[in-house]
Structures are given as C-alpha cells and as structure tokens.
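The structure displayed is predicted, hence computed values, not measured ones. Both ligands and their constituent atoms are indexed starting at 1 by order of listing.
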Amino acid sequence: MERTLVLVKPDGVQRGLIGETIARLERRGLKLVGLKLMRMTPELSAKHYAEHQGKPFYKGLISFITSGPIVAMVWEGREAVTVVRSQMGATDPLKALPGTIRGDLALDIGMNVIHGSDSPARAQTEISIFFRPDELVEYERTGDRWIAE
Ligand code: IDP
Ligand code: MG
C-alpha cells in the first residue's frame with residue numbers, strides 16, 4: 001500500500017492544529033503508521049528541502065521549518081500521495097480551495113501548516129529521512145473493510 005510523509009509545520013503546532021490535521025486525514029480513511037513530535041535540525045531540513053536550494057525563499061523556509069517543533073507522520077492508503085496532496089490544497093493558501101487544509105486554515109505561503117510528499121518516489125526518500133524502518137507500524141484496523149472494497 002502507498003505511503004506518504006506528512007509534516008505539521010511549526011505554525012500548525014503553535015496554532016494547535018495537530019489534532020485538526022490528523023483528524024482530517026484519519027476521517028478520510030488513511031491509516032497512520034508513523035508519528036513523532038520533533039524539532040528539525042538545519043541538516044535535516046537541508047536534506048528534506050534539497051530541491052529548493054538556491055531559490056529566493058530557501059533561507060526563510062529553512063529558518064521557519066527549524067523555528068519550533070513539528071509533527072512528522074507517515075500515512076498509508078491507496079494513492080496516499082495524491083489523496084494527501086489534494087486534501088492539503090495549493091501551496092499558496094490564497095489559491096487553495098475551501099475544504100482543503102490550507103484553504104480552510106492558512107493565509108500565508110510560508111506558513112501553510114502542512115507538508116506532504118509530491119510523488120511516491122519522493123515519499124520513500126522523505127520517509128527514510130524522518131523515520132527508521134522499525135518506527136513504522138504495520139497493523140490491521142477493523143474498520144478498514146468499510147473504507148475500501
Ligand atoms: P508544497 O509544500 O506545496 O509541496 P513546494 O513548492 O514544495 O510546495 O515548496 C515547499 C514550501 O516552501 C512551501 O510549502 C512553502 O512553505 C514554501 N514556499 C514555496 N514557494 C514559496 C514562495 O514563493 N515564497 C515563500 N515560500 C514558498
Ligand atoms: Mg513540495
């Protein structure tokens with residue numbers, strides 16, 4: 001089953017949106033298989049955001065993402081990457097549709113509450129940056145047969 005990395009960014013933690021974010025993904029039917037509260041180091045953030053190195057917003061992004069605790073999660077489900085991306089909404093919350101996490105909960109492109117991997121390949125890389133294999137938990141939920149046939 002597909003897995004994706006999700007972060008509640010420092011703004012989301014400070015604003016008390018950890019539960020809200022988890023609740024939305026959980027209610028959708030995705031399964032939480034990894035979870036930790038942590039502070040990203042400059043080294044870890046450079047690895048995670050390597051694709052943005054050199055862009056005008058890069059320095060601000062690194063200083064923001066390391067400015068306070070984040071919640072790192074791995075969510076599992078059919079097409080989990082696409083499902084999370086569509087539930088997150090557009091990168092710029094002003095362009096994100098109502099009903100999405102960014103469209104309902106954010107106003108600023110930097111402080112946009114949530115990160116989600118943008119492809120299955122990126123998801124694998126990002127998951128390995130944040131989690132050791134033994135930190136991910138495989139389990140059955142009794143409700144799973146009521147989520148997908
Ligand atoms: P994504 O988070 O929707 O995948 P990316 O393009 O991967 O968006 O950018 C990573 C993060 O960098 C964004 O979530 C946002 O916080 C920040 N960012 C992206 N573009 C800009 C920008 O033009 N100005 C300021 N911050 C930006
Ligand atoms: Mg991205």
key: Within-shell test, M111 vs ligand 1, heavy atom, strictly < 4.0 Å   = no

inquiry  = With heavy-atom distances below 4.0 Å as the criterion, list the atoms of ligand 1 near G110.
reply    = 16 (O)

From the candidates R102, K55, R85, H115, the one that places a heavy atom nearest atom 4 (O) of ligand 1 = R85

Value rounded to 0.5 Å, distance of CD1 in I127 from CD in E135 = 12.0 Å

message = Looking at E20 and R24, is there a salt bridge between them, counting it only when a charged N and a carboxylate O are closer than 4.0 Å?
response = yes

Closest protein heavy atom (residue, atom, distance) for atom 16 (O) of ligand 1 = I109 O, 3.0 Å

task = Any atoms of ligand 1 less than 4.0 Å from a non-hydrogen atom of N112? List them with their elements.
result = 13 (C), 14 (O), 15 (C), 16 (O)

query = Near K9, which atoms of ligand 1 are under 4.0 Å from a heavy atom of that residue?
reply = 13 (C), 14 (O), 16 (O)

Atoms of ligand 1, numbered as shown, that sit under 4.0 Å from any heavy atom of T91 = 1 (P), 3 (O), 8 (O), 13 (C), 14 (O)

query = Does the distance from a Lys or Arg side-chain N to an Asp or Glu carboxylate O, for R132 and D134, drop under 4.0 Å?
reply = yes

T91 versus N112, closest heavy-atom pair with distance = O-ND2, 3.1 Å

Closest heavy-atom pair and its distance - T66, M40 = CG2-O, 3.4 Å

key: From M88, H52, R122 - option closest to atom 10 (C) of ligand 1 by heavy atom   = H52

task = Identify, for atom 11 (C) of ligand 1, the protein heavy atom at the shortest distance, and state residue, atom and that distance.
result = L61 CD1, 3.9 Å

task = Determine, for F131 and K36, whether the Lys NZ or Arg CZ falls below 6.0 Å from the six-membered ring centre while staying within 45 degrees of the axis.
result = yes

key: Identity and distance of the protein heavy atom lying nearest atom 22 (C) of ligand 1   = F57 CD2, 3.5 Å

task = Would you kindly check if the NZ (Lys) or CZ (Arg) of K31 is within the cone defined by 45 degrees around the ring axis of Y139 and under 6.0 Å from the six-membered ring centre?
result = yes

